Participant: 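Provided herewith is a single structure, encoded as structure tokens, for subsequent inquiry.
Positions are given from 1 along the sequence. Quantities reported herein were computed from a predicted structural model and do not represent experimental measurements. The analysis underlying the following values was restricted to heavy atoms, covering all of them including side chains, and did not include hydrogens, waters or symmetry mates.
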Amino acid sequence: MSYGVKFYSYFDSSGYGSSGLAYLRGLLNAGWQVHWVPLAYNGKHFVPLQPTDTPPLLNLARDDTALQDLSAIRAATSRPLDYSTVFAHTGPDQWPQFFEGGKRNVGYTTWEADALPPHWKPWLDLADAICVPCQLNEQTFSKAYLRPPVHVIPHIRRHAWNDFTVTELNAMRASLGIPPDHFIFYSINSWDPRKNNIGLLRSYLEAFSADSPVTLILKTSEQGYGAAPFYPWQDTSALANDAIADITSASGGAQAQICLLPYELSGRGIDMLHALGDCYVSASRGEGWGMGIFDAATRGTPVLATGWGGQLDYLGSDWPGAIPFSMRAVPVWPPSAPLFWPPQRWAEPDFEGMVKAWQNAMTDAQHRRTAAQAIAADIANRFAEPVITAQLGAVLHA
């Protein structure tokens with residue numbers, strides 16, 4: 001039996017965007033009738049795209065195996081239809097403009113601390129049901145005494161990957177200046193306090209010396225947040241280089257190799273990092289799911305990450321690579337419209353524990369790879385498209 005749903009989601013390469021597209025694809029493949037309202041950022045707000053608009057992601061899809069069906073999906077979901085459910089896969093601040101009277105209104109969102117922003121509650125209470133990606137979110141949202149029920153609907157694992165020849169991978173490695181014998185750590189994160197890239201760099205440079213056969217590839221945003229308390233919007237290259245210079249000043253400037261990529265990459269470019277990397281690393285203080293971590297784990301790549309957050313739902317609570325932490329009060333951030341502020345808390349990775357984690361990832365590489373392959377096999381079964389789509393469909397048509 002087919003059902004009708006009006007589906008709002010971001011048309012971009014963010015975690016929200018990619019996970020929303022995966023749910024949309026899953027519903028279509030399961031026989032749902034869907035009218036998709038893709039949303040794009042206009043510099044101030046997310047607004048619905050018109051059928052004639054060509055967003056950047058559509059252009060990038062031409063060379064991306066994982067997005068080859070994007071034009072077909074957009075064409076199949078652009079026509080109006082009768083629907084009984086509205087599904088808003090967005091921040092809850094947008095739900096009031098999308099939800100409709102006389103329909104079943106379902107919102108999907110996430111959060112990265114142990115308590116919600118208080119001003120979210122009126123928006124969340126508008127929904128008939130709320131979906132979140134992980135068990136930690138369910139606990140956090142349930143503590144807020146919300147009117148609607150909260151359901152855990154995990155993200156769907158990647159359905160396709162871009163493939164690369166050995167020649168292509170060797171050429172990329174050479175272009176980045178990475179010696180053939182180096183063990184490659186990599187991380188894909190925006191530059192902000194939650195992602196904790198300075199902590200990532202500091203612990204890496206403590207763990208290894210200039211003659212260590214290692215390279216860290218840090219893929220980050222072009223612009224990022226500077227130092228507290230004002231967090232000025234700055235060039236990420238300058239932020240990273242200043243941080244590295246500060247960290248290495250005591251050692252005379254000698255350091256383990258770092259390759260900074262402070263710019264946007266296509267999906268094919270991101271997949272090449274996954275193909276090159278030997279170990280994915282995150283020092284994040286809080287993740288509602290952690291798409292970079294999830295994609296690496298789906299491929300069977302070992303992961304180092306803070307032992308608190310949505311990633312525990314697919315990595316397990318005691319996987320090799322879990323970094324010890326302590327819960328700390330969040331800062332007031334972002335400065336223009338704070339969502340984080342005390343008494344919310346998130347996880348601060350233990351510095352010495354992270355240094356050891358970097359080192360153990362190399363000395364215990366074979367065991368980590370074996371454990372990662374077992375995690376990947378579990379992900380392949382538990383987070384497959386039909387499995388997760390059935391869970392989502394049960395909420396949409398309850």
Participant: For the backbone of M272 and the side chain of N162, can you confirm whether one donor and one acceptor N or O come within less than 3.5 Å of each other?
Facilitator: no
Participant: Just so I know, are the side chains of V5 and V106 near enough to count as touching, which here means a heavy-atom distance under 4.5 Å?
Facilitator: no
Participant: Quick one: closest heavy-atom pair of A296 and H274, and the distance?
Facilitator: N-CE1, 3.7 Å
Participant: I need the Y10 OH to S19 OG distance, nearest 0.5 Å.
Facilitator: 10.5 Å
Participant: When you compare the side chain of R268 with that of F164, does any pair of heavy atoms fall below 4.5 Å?
Facilitator: yes
Participant: What residues, two or more places apart in sequence or in another chain, satisfy side-chain hydrogen bond (donor to acceptor under 3.5 Å, both in side chains) together with Y280?
Facilitator: none
Participant: In sequence, state the C-alpha distance, the side-chain angles, and the governing distance for I244 and Y204, and then conclude on side-chain contact (heavy atoms from CB on, under 4.5 Å).
Facilitator: CA-CA 11 Å; I244 292 169; Y204 169 76; over 6 Å; no
Participant: What's the spacing between Q33 CD and L27 CG if we round to 0.5 Å?
Facilitator: 11.0 Å
Participant: Any non-hydrogen side-chain atom of Y23 less than 4.5 Å from a side-chain atom of H155?
Facilitator: yes
Participant: Got a salt bridge between E287 and K195, using NZ or NE/NH1/NH2 to carboxylate O under 4.0 Å?
Facilitator: yes
Participant: Hydrophobic clusters here meaning ILVMFWY residues chained together by side-chain heavy-atom distances under 4.5 Å, can you tell me if L265 and I184 are in one?
Facilitator: yes
Participant: Can you measure from CG (L216) to CG (L205) and round to the nearest 0.5 angstrom?
Facilitator: 8.0 Å
Participant: Decide side chain to side chain donor-acceptor pair (under 3.5 Å) for Y8 and Q97; before the verdict, give the C-alpha distance in whole Å, the side-chain angles of both, and the deciding distance to 0.1 Å.
Facilitator: CA-CA 11 Å; Y8 292 89; Q97 69 186 93; over 6 Å; no
Participant: Tell me whether S18 contacts the main-chain N or O of S13 through its side chain, where contact means a donor paired with an acceptor under 3.5 Å.
Facilitator: no
Participant: Considering all heavy atoms of both residues, which atom of A30 and which atom of T389 are nearest to each other, and what is their separation?
Facilitator: CB-CG2, 3.9 Å
Participant: For F294, check ring-ring contact (aromatic ring centres under 6.0 Å, His included) against everything at least two apart and list the hits.
Facilitator: W289, Y314, F383
Participant: How about F185 and F208: are their ring centroids closer than 6.0 Å?
Facilitator: yes
Participant: Taking N196 for the side chain and A283 for the main chain, is one N or O donor matched with an acceptor at less than 3.5 Å?
Facilitator: yes
Participant: In Å, rounded to the nearest 0.5 Å, how long is the span from CG of D271 to CG of D163?
Facilitator: 9.0 Å
Participant: Looking at S203 and V355, what are the two nearest heavy atoms and their distance?
Facilitator: O-CG2, 3.8 Å
Participant: Just by modelled atom types, is the G300 backbone N or O under 3.5 Å from a matching donor or acceptor in the R369 side chain?
Facilitator: yes
Participant: Using a cut-off of 6.0 Å, state whether more than 12 heavy atoms not belonging to H159 lie near its atom NE2.
Facilitator: yes
Participant: Check the pair T109 / Y16 against side chain to side chain donor-acceptor pair (under 3.5 Å), numbers first and verdict last.
Facilitator: CA-CA 8 Å; T109 191; Y16 261 107; 2.7 Å; yes
Participant: Going through the distances and angles, do I247 and E206 end up as a side-chain contact (heavy atoms from CB on, under 4.5 Å)?
Facilitator: CA-CA 9 Å; I247 295 166; E206 177 69 20; over 6 Å; no
Participant: State whether the side chain of K121 and the backbone N or O of Y145 hold a donor-acceptor pair below 3.5 Å, judged by distance alone.
Facilitator: yes
Participant: What's the shortest heavy-atom distance between G288 and T110, and which atoms?
Facilitator: CA-OG1, 3.2 Å
Participant: Does V303 belong to the same Ile/Leu/Val/Met/Phe/Trp/Tyr cluster as W161, with side-chain heavy atoms less than 4.5 Å apart forming each link?
Facilitator: no
Participant: Nearest 0.5 Å please: distance from the CG atom of L24 over to the OG atom of S9.
Facilitator: 6.0 Å
Participant: Does N42 CG have over 12 foreign heavy atoms under 6.0 Å away?
Facilitator: yes
Participant: Looking at G15 and M291, what are the two nearest heavy atoms and their distance?
Facilitator: CA-CG, 3.8 Å
Participant: Look only at the side chain of T306 and the backbone of R285, and say whether a donor-acceptor pair between them is shorter than 3.5 Å.
Facilitator: no
Participant: I293 pairs by side-chain contact (heavy atoms from CB on, under 4.5 Å) with which of L315, L304, I188?
Facilitator: L315
Participant: Please tell me if the side chains of P331 and W346 come closer than 4.5 Å, counting only heavy atoms from C-beta onward.
Facilitator: yes
Participant: Supply the atom-to-atom distance T77 OG1 to K6 NZ, rounded to the nearest 0.5 angstrom.
Facilitator: 12.5 Å
Participant: Between H119 and L339, does a side-chain contact (heavy atoms from CB on, under 4.5 Å) hold up when you go through it step by step?
Facilitator: CA-CA 9 Å; H119 64 282; L339 293 171; 3.6 Å; yes
Participant: Is there a donor-acceptor pair closer than 3.5 Å between any side-chain N or O of N360 and the backbone N or O of G321?
Facilitator: no
Participant: Does any N or O in the side chain of N137 come within less than 3.5 Å of the main-chain N or O of W111, such that one atom is a donor and the other an acceptor?
Facilitator: yes
Participant: Are F98 and T90 packed together at the side-chain level, in the sense that at least one heavy-atom pair is separated by less than 4.5 angstrom?
Facilitator: yes
Participant: Shared ILVMFWY cluster between V387 and L396, side chains joined below 4.5 angstrom?
Facilitator: yes
Participant: Which class fits the ring pair H397 and W32: parallel under 30°, tilted 30 to 60°, perpendicular over 60°?
Facilitator: perpendicular
Participant: Can you hop from I156 to W36 via hydrophobic side chains spaced under 4.5 Å?
Facilitator: yes
Participant: Taking side chain as C-beta onward, heavy atoms only, is L21 less than 4.5 Å from I73?
Facilitator: yes
Participant: Taking 4.0 angstrom as the limit, do D114 and R345 come out as a salt bridge?
Facilitator: yes
Participant: Taking all non-hydrogen atoms of both residues into account, name the closest pair between S190 and S221 and its distance.
Facilitator: CA-OG, 3.8 Å
Participant: Would V214 and V281 show up in the same hydrophobic cluster when neighbours are defined by side-chain heavy atoms closer than 4.5 Å?
Facilitator: yes
Participant: Counting heavy atoms not belonging to K103, are there more than 12 under 6.0 Å from its NZ?
Facilitator: yes
Participant: Quick one: does I217's side chain get under 4.5 Å of I178's, heavy atoms only?
Facilitator: yes
Participant: Under 6.0 Å between the ring centres of W191 and Y225?
Facilitator: no
Participant: Is there a donor-acceptor pair under 3.5 Å between the side chain of T215 and the backbone N or O of Q257?
Facilitator: no
Participant: Just do the side-chain contact (heavy atoms from CB on, under 4.5 Å) check on I153 and V132 with the steps written out, would you?
Facilitator: CA-CA 6 Å; I153 307 296; V132 296; over 6 Å; no
Participant: Within a strict 4.5 Å, meaning less than it, do heavy atoms of the L124 and W95 side chains meet?
Facilitator: yes
Participant: Counting N and O atoms only, with roles assigned by atom type, does the side chain of R157 sit under 3.5 Å from a partner on the main chain of R382, one being a donor and the other an acceptor?
Facilitator: no
